[in-house]
**Q** 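Sharing a structure, written as structure tokens. Questions coming.
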Amino acid sequence: AQKVIKAQAFDLAILDSHGITREQVQAIRSGMDGILGTDDDVIVVAYISIGEDNQGNHTGNGKGPVYWDSQSKKIVFTNRGLASWYLDDADHNGKPDQNGTWGSYYVNAGDSLWQEFVKTMPGGADYIINVLGCDGLFLDTIDRVQIGSI
């Protein structure tokens with residue numbers, strides 16, 4: 001309750017969507033006066049990771065992990081039983097490349113299966129917008145996206 005009250009004092013609130021309810025989001029959005037559509041409304045967006053996956057073991061289509069072959073200018077599917085969105089660019093060892101700081105796994109955000117997963121996974125974009133009622137998404141780890149290579 002105290003965090004909701006604190007968030008109502010800002011113009012923009014970026015939330016971790018885990019553990020928050022639609023009622024709390026709406027209370028923040030409606031600002032200090034509790035009335036949506038007035039001058040003190042708060043824009044509420046929720047965090048979502050775009051360039052990294054926390055688990056590293058989704059099977060998806062089983063074609064991954066993948067890497068970029070700079071000679072052929074093509075994506076190489078290793079067919080190791082993991083989702084094609086996982087990257088194995090660093091060492092081609094057949095395992096998804098892992099962020100050593102956070103323990104998450106790098107993904108090809110351009111992979112349509114990853115995009116669908118981010119949208120529909122539990123706590124994903126659809127949930128954040130349609131169930132929690134947030135105004136938008138805070139796209140995190142977007143600086144990790146391997147756009148130039150894949």
**Q** Grab the two heavy atoms, one from N108 and one from W114, that are nearest each other, plus how far apart they are.
**A** O-CB, 4.0 Å
**Q** Would V107 and F117 show up in the same hydrophobic cluster when neighbours are defined by side-chain heavy atoms closer than 4.5 Å?
**A** yes
**Q** Hey, is CZ on F77 packed in by over 12 heavy atoms from elsewhere, all under 6.0 Å?
**A** yes
**Q** For G123 versus S17, what's the shortest heavy-atom pair and its separation?
**A** O-OG, 4.1 Å
**Q** Which residue pairs pass the side-chain hydrogen bond (donor to acceptor under 3.5 Å, both in side chains) test with at least one member in residues 53-66, sequence neighbours excluded?
**A** D53-H58, D53-Y86, H58-Y86, N61-S84
**Q** Is F10 reachable from I5 through a run of I, L, V, M, F, W or Y residues, each pair having side-chain heavy atoms under 4.5 Å apart?
**A** no
**Q** Please list every donor-acceptor pair under 3.5 Å in which a side-chain atom of residues 41-50 meets a protein atom from a residue at least two apart or in another chain.
**A**
| residue | atom | partner | partner atom | Å |
| --- | --- | --- | --- | --- |
| D41 | OD1 | G37 | N | 3.3 |
| D41 | OD1 | T38 | N | 3.4 |
| D41 | OD2 | G37 | N | 2.5 |
| D41 | OD2 | T38 | N | 3.3 |
| Y47 | OH | D140 | OD2 | 3.3 |
| S49 | OG | E52 | N | 3.4 |
| S49 | OG | E52 | O | 2.7 |
| S49 | OG | T141 | OG1 | 2.8 |

**Q** Check for me, please, whether I28 and Y127 land in the same ILVMFWY cluster - side-chain distances under 4.5 Å, paths through other members count.
**A** yes
**Q** Flag yes if M121 and I128 sit in one hydrophobic cluster, no otherwise; membership is Ile, Leu, Val, Met, Phe, Trp, Tyr, and two members link when side-chain heavy atoms are under 4.5 Å apart.
**A** yes
**Q** State, with a plain yes or no, whether a side-chain heavy atom of V66 is found less than 4.5 Å away from one of L87.
**A** yes
**Q** For the residue pair L137 and A125, what are the closest heavy atoms and their distance?
**A** CD1-CB, 3.8 Å
**Q** Would you please test K3 and K6 for side-chain contact (heavy atoms from CB on, under 4.5 Å) and show each step?
**A** CA-CA 5 Å; K3 290 180 181 179; K6 285 181 183 180; 5.6 Å; no
**Q** Could you state the interatomic distance from NZ (K74) to CH2 (W68), rounded to the nearest 0.5 Å?
**A** 9.5 Å
**Q** Excluding sequence neighbours, so at least two apart, what forms salt bridge (charged side-chain N to carboxylate O under 4.0 Å, His left out) with D135?
**A** R29
**Q** Do other residues, nucleotides or ligands put more than 12 heavy atoms under 6.0 Å from D91 CG?
**A** yes
**Q** Looking at side-chain heavy atoms only, is the closest gap between I35 and D40 below 4.5 Å?
**A** no
**Q** Output the distance between atom CD (E116) and atom CG (D111), rounded to the nearest 0.5 Å.
**A** 11.5 Å
**Q** Going by the rule side-chain contact (heavy atoms from CB on, under 4.5 Å), which residues pair with R22 if we only count those two or more places apart in sequence or in a different chain?
**A** Q26
**Q** For a quick test of reading the model, state the closest non-hydrogen atom pair linking T78 to P65 and the distance between them.
**A** OG1-O, 2.5 Å
**Q** If you take all heavy atoms of Y105 and Q98, which pair is closest and at what distance?
**A** OH-NE2, 3.2 Å
**Q** Could you see if L36 belongs to whatever hydrophobic cluster contains I129? Use Ile, Leu, Val, Met, Phe, Trp, Tyr and a side-chain cutoff under 4.5 Å.
**A** no
**Q** Can you name the residues that form a side-chain contact (heavy atoms from CB on, under 4.5 Å) with D11, not counting sequence neighbours?
**A** none
**Q** Partners of Q71 by side-chain contact (heavy atoms from CB on, under 4.5 Å), sequence neighbours excluded?
**A** D69
**Q** One pair to check against side-chain contact (heavy atoms from CB on, under 4.5 Å): I75 and Y67. What are the steps and the verdict?
**A** CA-CA 6 Å; I75 295 173; Y67 64 89; over 6 Å; no
